[in-house]
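Read the structure below first, then the notes.
Note that ligands are numbered from 1 as they come in the structure, with each ligand's atoms numbered from 1 the same way.
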Amino acid sequence: MAAQNFDMIVIGAGPGGYVAAIRGAQLGLSVAVVEREHLGGICLNWGCIPTKALLRSAEVFHLMHRAKEFGLKAEGIGYDLPAVIKRSRGVAKQLASGVGHLLKQNKITVVMGEATLPARGRVSVKTDKGTEELTAKAIVLATGARARNLPGLEADGKRVWSYKHALQPPHEPKKLLVIGSGAIGIEFASFFNTLGAETTVVEVMDRILPIEDAEISAFAKKQFEKQGMTIREKATVKQLDRGADAVVAHVEQNGKTEKIEVDTVISAVGIVGNVEGLGLEDLGVKIDRTHVVTDEYCRTGVEGLYAIGDVAGAPWLAHKASHEGVMVAELIAGQKPHPIKPGSIAGCTYCHPQVASVGLTEAKAKEKGHEVKVGRFPFIGNGKAIALGEAEGMVKTVFDAKTGELLGAHMIGAEVTELIQGYVIGRQLETTEADLMETVFPHPTLSEMMHESVLDAWDRAIHF
Ligand SMILES: Cc1cc2nc3c(=O)[nH]c(=O)nc-3n(C[C@H](O)[C@H](O)[C@H](O)COP(=O)(O)OP(=O)(O)OC[C@H]3O[C@@H](n4cnc5c(N)ncnc54)[C@H](O)[C@@H]3O)c2cc1C
């Protein structure tokens with residue numbers, strides 16, 4: 001059968017790939033998307049969306065326990081884990097099927113199967129019915145990433161889980177060990193801890209959430225410990241002895257090794273890019289530690305081949321993948337898009353309390369030679385936070401003392417994953433302290449703390 005020709009072929013239908021395809025179609029390109037497993041990728045099926053559905057159940061459960069504080073009565077409070085999981089899977093399914101509709105609406109050809117790149121400009125797809133050959137001048141690699149497996153700590157789906165197992169747990173953890181305290185590890189720790197599992201988090205670095213500002217990590221640690229979690233920093237899981245009903249973890253900390261017995265381990269030690277089996281090496285694509293090397297326009301160096309999203313490296317975030325998808329589609333369609341600004345991509349962790357940040361931490365700003373001014377505002381000083389019963393948290397802002405440029409913002413507390421976008425816009429527009437100070441923030445809102453934090457950097461905070 002003759003190869004089908006398109007203007008653009010996208011490999012992978014995650015938030016990078018499907019968004020690139022839609023933008024390409026909007027610009028008049030003929031587009032095909034190849035997907036081997038599920039439309040919507042990890043994000044919609046096994047990542048962002050189902051985890052947030054789980055965490056919402058945990059949040060409601062937590063609030064039910066606090067009913068009395070709000071003058072309410074809730075008796076016989078409990079949960080049904082299979083029902084919680086069912087809701088999460090349902091939410092994921094609803095959104096993933098929405099992607100199918102969007103692709104159809106935009107007249108994008110979807111080929112379900114495993115893609116390889118036998119030559120420049122060619123894609124071969126192994127489908128249920130045989131092999132389909134596709135050609136295009138532009139090919140966008142959006143094959144995403146998967147959980148990293150460390151030797152000896154590999155997930156087996158029984159007592160040692162990856163995020164996929166944790167999203168469809170074969171049993172309910174009562175004693176849980178989470179290895180790794182990045183966003184994924186901390187979100188699962190927060191979820192199962194809220195449901196009552198005795199939860200320990202082991203982090204090899206000197207603090208949890210190690211990419212966040214050090215003050216935020218310390219604040220988060222205090223809150224998690226208050227909620228009953230055990231946090232072990234500068235600690236390494238050396239070995240897992242797996243039994244039928246339990247796992248014994250050998251945890252090394254401060255030069256000593258301790259054995260911790262749990263019924264479940266979640267391994268959240270990072271991710272690796274899906275670069276294998278595609279034929280990338282033969283095409284001359286550069287790969288650095290499982291990620292495709294690209295320039296600021298996501299070009300791989302091989303003519304007509306682009307890589308976006310998780311397969312192209314950090315930050316491993318859906319919104320980064322989608323934004324790169326839009327940029328690449330515009331580039332292919334002959335437009336002149338701006339490259340993405342890495343310092344304007346917010347990171348959010350939906351644990352309780354939530355964590356969100358954008359730009360440089362205070363330490364990184366100083367390391368880069370900035371003389372900084374730092375503002376802080378605590379949730380306890382905000383009317384809306386108190387009315388919500390959410391008085392634990394803080395907003396920290398970091399400015400260049402000379403220019404007033406907003407270098408970074410770091411937040412912990414209720415709804416900060418929604419609030420952070422205010423600072424993202426500020427950074428995108430290269431806002432200074434003067435603009436932010438002159439902005440009128442609505443009252444009563446949590447966002448007023450964003451204003452107060454800026455004012456505090458210049459010793460002008462009103463409510464603290
Ligand atoms: C538990 C968890 C929670 C997360 N939470 C968040 C969050 O809250 N916010 C956030 O921004 N990010 C979150 N992420 C990260 C987010 O899911 C990823 O950054 C995002 O999915 C990356 O999008 P992508 O399009 O690059 O790749 P993916 O979503 O991984 O999609 C890649 C697609 O390519 C397909 N594919 C791979 N190889 C081939 C091939 N050879 N042929 C055909 N198809 C192929 C795969 O089947 C997959 O569908 C989370 C991740 C996890 C695991």
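- Within 6.0 Å of atom NZ in Lys341, more than 12 heavy atoms from other residues, nucleotides or ligands are found, so the atom counts as buried in its surroundings.
- Atoms CG and CH2, on Leu176 and Trp161 in that order, are 7.5 Å from each other to the nearest 0.5 Å.
- Judged by distance alone, with hydrogens and angles left aside, the side-chain atoms of His410 form no donor-acceptor pair with the main-chain N or O of Gly359 at under 3.5 Å.
- Taking all heavy atoms of Gly12, Gly279, Gly273 into account, the minimum distance to atom 34 (O) of ligand 1 is reached by Gly12.
- Ligand 1 has no N or O atom lying under 3.5 Å from any N or O atom of Ile184, backbone or side chain.
- Counting protein heavy atoms only, atom 49 (O) of ligand 1 is closest to Glu35 OE1, 2.7 Å.
- Residue contacts with ligand 1, taken as heavy atom pairs separated by less than 4.0 Å, do not involve Leu167 at all.
- Residue Lys364 qualifies as open at atom NZ: its count of foreign heavy atoms under 6.0 Å is 12 or below.
- The shortest N/O to N/O separation between Ile42 and ligand 1 falls below 3.5 Å.
- For Met112, the CE atom is densely surrounded, since the number of other residues' heavy atoms within 6.0 Å is greater than 12.
- At least one N or O atom of Asp310 sits closer than 3.5 Å to an N or O atom of ligand 1.
- Of the listed residues (Ala321, Ser322, Pro15), the one carrying the non-hydrogen atom nearest atom 20 (C) of ligand 1 is Pro15.
- Protein heavy atom in closest approach to atom 2 (C) of ligand 1: Gly47 CA, 3.4 Å.
- Of the possible polar contacts, one joining the Asn382 side chain to the Thr445 backbone as a donor-acceptor pair under 3.5 Å is found.
- Below 30°, between 30° and 60°, or above 60°: for Phe61 and His65 the angle between ring planes is above 60°, a perpendicular geometry.
- At a heavy-atom distance under 4.0 Å, no atom of Asn45 approaches ligand 1.
- Taking a 6.0 Å sphere around CD1 of Ile211, one finds it holds 12 or fewer heavy atoms contributed by other residues, nucleotides or ligands.
- In terms of protein heavy-atom proximity, atom 13 (C) of ligand 1 is nearest to Cys48 SG, 3.2 Å.
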Full working for side chain to side chain contact (heavy atoms under 4.5 Å, CB included) between Thr116 and Leu278: CA-CA 4 Å; Thr116 52; Leu278 288 152; 5.6 Å; no

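- Taking 4.0 Å as the cut-off, Tyr350 counts as a neighbour of ligand 1 on heavy-atom distance.
- Counting only heavy atoms of the protein, atom 27 (O) of ligand 1 lies nearest to Gly144 CA, 3.2 Å.
- Protein heavy atom nearest atom 11 (O) of ligand 1, with residue, atom name and distance: Ala318 N, 2.8 Å.
- The protein heavy atom nearest to atom 32 (C) of ligand 1 is Ala142 O, 3.3 Å.
- Protein heavy atom closest to atom 15 (C) of ligand 1, with residue, atom name and distance, is Trp316 O, 3.6 Å.
- When the shell of 6.0 Å around CD of Glu154 is examined, it contains more than 12 heavy atoms from other residues, nucleotides or ligands.
- Panel note: side chain Glu114, backbone Arg36; no donor-acceptor pair is recorded below 3.5 Å.
- Among protein heavy atoms, atom 37 (C) of ligand 1 sits closest to Thr143 O, 3.2 Å.
- The contact set between ligand 1 and Gly14, taken as ligand atoms under 4.0 Å from a residue heavy atom, comprises 25 (O), 29 (O), 31 (O).
- By the 6.0 Å contact criterion, CD on Glu418 is open, its count of non-hydrogen atoms from other residues, nucleotides or ligands being 12 or less.
- Note: no N/O pair closer than 3.5 Å links Cys348 and ligand 1 by distance alone.
- Taking every heavy atom of His319 and a limit of under 4.0 angstrom, the matching atoms of ligand 1 come to 11 (O).
- Contacts between Leu317 and ligand 1 below 4.0 angstrom, taking non-hydrogen atoms only, involve backbone and side chain alike.
- The number of heavy atoms from other shown groups lying within 6.0 Å of CD (Glu198) does not exceed 12.
- Looking only at distances, no side-chain donor or acceptor of Ser357 sits under 3.5 Å from a matching main-chain atom of Glu212.
- For the pair Arg89 and Trp46, the distance from NZ or CZ to the six-membered ring centre is under 6.0 Å and the angle to the ring normal is within 45 degrees.
- The shell of residues lying under 4.0 angstrom from ligand 1, judged by heavy atoms, includes Gly113.
- Atom CD of Gln94 is surrounded by 12 or fewer heavy atoms from other residues, nucleotides or ligands within 6.0 Å.
- Among Arg36, Glu114, Glu187, the residue whose heavy atom lies closest to atom 39 (C) of ligand 1 is Arg36.
- With a 4.0 Å heavy-atom cut-off, ligand 1 is reached by the side chain of Lys52 but not by its N, CA, C or O.
- When non-hydrogen atoms are compared, ligand 1 lies under 4.0 Å from the backbone of Ala145 (N, CA, C, O) but not from its side chain.
- For ligand 1, none of its N or O atoms has an N or O atom of Ile11 under 3.5 Å away.
- Taking distance alone, with nitrogen or oxygen atoms compared against 3.5 Å, Ala115 approaches ligand 1 more closely than that limit.
- Near Thr51, meaning under 4.0 Å from any of its heavy atoms, are these atoms of ligand 1: 1 (C), 3 (C).
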